[in-house]
Amino acid sequence: MRPEFKQATDLVASGRAQQPGIDAAPPLGLTRRKKSVSSGTMFVELLNWWTRQMSGLLPSGWSGRHQKARATLIAAIARQPGASGSMLTIFLRRSHREAEVGRFDPDLPDAKERLRALARKRPGAETVLRVPAAMLLEREFSLPLAAERDLVRVLGYEMDRLTPFQAKDVIWSHEILARDRARNRVMLRLSLIPRAPVASMLAWLDGAGLTVSALQAGASEPPRLVRLQRGPTARERWDRRLAIAAAAACAVLGLAALAVPVVRQSLALAAAEDRIEALRPLTAQADTLRRRIAEVRASGDAIAEQRNRSGDALAALAALTDILPDDTFLTEMAMNQRHVALRGQSASAPRLIALLAADPSIRNPAFTAPVTRGEGGRDQFALQAEVAP
């Protein structure tokens with residue numbers, strides 16, 4: 001039998017890790033995990049139940065893809081009944097249930113090839129190596145709150161002070177329990193498993209196409225996992241790139257959504273400015289015509305004002321033509337500031353005063369010189385009057 005499987009089989013049979021410092025009571029407060037139902041476990045179970053209920057509402061295609069993406073392959077070492085060899089049993093964990101999907105004898109030459117075929121059927125599944133629960137060691141302690149910025153590096157430096165091991169000799173992970181900001185402390189739980197008993201098994205599984213991402217201590221529910229401190233896989237790097245690309249696309253779309261109204265407003269403003277520029281000559285022409293009309297109107301108002309002040313000679317002449325009888329004709333007419341002076345001949349000059357006074361457009365008619373008798377027996381007269389506005 002291969003040494004790595006014999007060592008793993010011994011671990012399963014004995015339930016203990018044959019590693020110095022583990023069989024005895026662990027120093028520095030290092031204790032084995034006790035199986036107890038805590039409030040945290042109840043919360044996790046409630047959260048898992050709620051997730052299952054919500055996933056049941058999704059379409060069947062979506063739910064299937066979601067469950068397939070969350071599938072986990074669990075590799076467990078078991079001793080064959082009645083034989084000295086060991087058997088590698090692979091379980092598929094999905095929806096909090098485990099189902100056996102294959103058994104492999106590591107001593108057989110085709111075991112790795114069969115395991116690779118199984119891995120190809122589950123491309124998105126995570127691989128977990130199950131070890132005895134006795135191998136899991138834990139310790140709770142506190143660190144300064146500032147150490148939370150880079151806990152992995154801090155714990156790696158302080159591993160030999162917190163535990164009897166060097167960081168390179170164990171597989172470990174941490175969990176933040178609480179933060180005491182008043183005392184500037186962070187409470188942590190450090191979980192570790194010795195690397196030596198499982199190192200060869202991890203290498204063999206990796207050669208078979210199953211890269212182990214975590215170790216599971218025992219078969220407790222929910223499973224207690226210790227993540228391997230390793231870099232991201234190619235798939236994880238690809239998923240991270242896709243996530244970054246999706247985030248960048250969302251950011252670009254968000255910026256575009258913010259920029260579209262501004263761009264549309266800018267385009268509308270530019271179009272309005274172009275139209276204003278095109279109408280500017282017509283506007284200038286309209287302003288010129290408006291000024292000319294205003295000037296003409298002003299000059300017309302001045303003429304009307306002057307005419308109103310001095311009187312309309314033509315209107316006065318028309319009025320006098322209507323008032324004076326047919327036997328009267330004028331030889332001279334002068335008009336200044338609504339004062340009109342008349343000279344002429346009439347068959348009866350005295351009656352002209354009465355005729356002019358009777359018309360409302362003529363005021364204060366009076367002779368400016370004595371009436372004389374002219375040739376042909378006609379009266380020659382000179383009179384003046386005011387033209388009403």
Side-chain angles (χ1 to χ4, degrees), residues 2-9 11-12 17 65-78 86-133 135-136 152-153 155-156 167-175 191-219 222-244:
R2 297 184 181 181
E4 62 266 25
F5 298 109
K6 184 178 186 305
Q7 189 176 22
T9 304
L11 289 175
V12 174
R65 287 193 297 269
H66 178 70
Q67 291 179 358
K68 184 177 181 179
R70 297 189 61 181
T72 303
L73 290 177
I74 301 176
I77 302 296
S86 62
M87 182 69 67
L88 179 66
T89 305
I90 305 298
F91 298 94
L92 177 65
R93 178 183 175 85
R94 185 161 50 191
S95 299
H96 304 275
R97 296 181 180 179
E98 294 183 4
E100 183 178 328
V101 294
R103 293 190 178 187
F104 304 87
D105 188 351
D107 294 329
L108 297 179
D110 63 340
K112 285 188 176 181
E113 188 60 33
R114 292 176 52 214
L115 199 55
R116 290 192 190 97
L118 176 63
R120 286 193 294 268
K121 294 180 181 179
R122 311 288 180 181
E126 180 185 17
T127 302
V128 173
L129 176 61
R130 180 176 290 168
V131 299
M135 293 182 65
L136 177 63
V152 174
R153 183 174 300 178
L155 293 176
K168 61 183 179 63
D169 297 331
V170 292
I171 299 172
W172 58 274
S173 64
H174 68 277
E175 178 183 359
S191 303
L192 57 89
I193 294 175
R195 183 182 296 273
V198 297
S200 56
M201 179 60 63
L202 293 175
W204 190 89
L205 288 173
D206 186 69
L210 292 178
T211 302
V212 177
S213 60
L215 302 181
Q216 178 182 348
R224 182 58 178 170
L225 300 178
V226 178
R227 296 287 175 180
L228 273 71
Q229 302 292 333
R230 59 178 180 85
T233 63
R235 181 179 181 86
E236 290 173 346
R237 288 194 297 268
W238 177 251
D239 292 341
R240 183 176 301 176
R241 291 171 186 169
L242 289 179
I244 294 174

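Worth saying up front: this structure is predicted, and the values here are computed from it rather than measured.
- Between Val152 and Trp172, the shortest heavy-atom contact is O-CH2, 3.5 Å.
- Each of Val128, Thr72, Leu215 was compared with Leu225 under the side chain to side chain contact (heavy atoms under 4.5 Å, CB included) criterion, and only Val128 meets it.
- Between Gln216 and Pro223 the shortest heavy-atom distance is NE2-CB, 3.5 Å.
- The two atoms that bring Ser191 and Arg224 nearest to each other are OG-NH2, 2.7 Å, heavy atoms only.
- The nearest pair of heavy atoms linking Ala167 to Gly156 is CB-O, 3.7 Å.
- Side chains of Val212 and Val198 form no contact here, defined as non-hydrogen atoms less than 4.5 Å apart.
- Applying the side chain to side chain donor-acceptor pair (under 3.5 Å) test to Arg114 and every residue at least two apart in sequence or in another chain returns nothing.
- Side-chain contact between Leu92 and Leu73: present, with at least one pair of heavy atoms (C-beta onward) separated by less than 4.5 Å.
- Closest of all the heavy-atom pairs between Ile74 and Glu98 is CD1-OE2, 3.3 Å.
- When every heavy atom of Ala208 is checked against every heavy atom of Arg116, the shortest pair comes out as O-CG, 2.9 Å.
- In this structure, CD in Glu113 is found 12.0 Å from CG in Leu118, a value given to the nearest 0.5 Å.
- With rounding to the nearest 0.5 angstrom, the CZ atom of Arg195 is 8.5 Å from the CG atom of Asp169.
- Side-chain contact between Leu228 and Leu202 is present, with heavy atoms from C-beta onward closer than 4.5 Å.
- Remark: the backbone N or O of Thr127 is paired with a side-chain donor or acceptor of Ser213 at under 3.5 angstrom.
- A search for side chain to side chain donor-acceptor pair (under 3.5 Å) contacts involving Arg153 returns Asp150, not counting sequence neighbours.
- Residues Trp204 and Lys112 are in side-chain contact: their nearest non-hydrogen atoms beyond the backbone lie under 4.5 Å apart.
- With sequence neighbours left out, the side-chain contact (heavy atoms from CB on, under 4.5 Å) criterion links Ala76 to Phe91, Arg130.
- Summarising the local packing, CZ of Arg103 is surrounded by 12 or fewer heavy atoms from other residues, nucleotides or ligands at distances under 6.0 Å.
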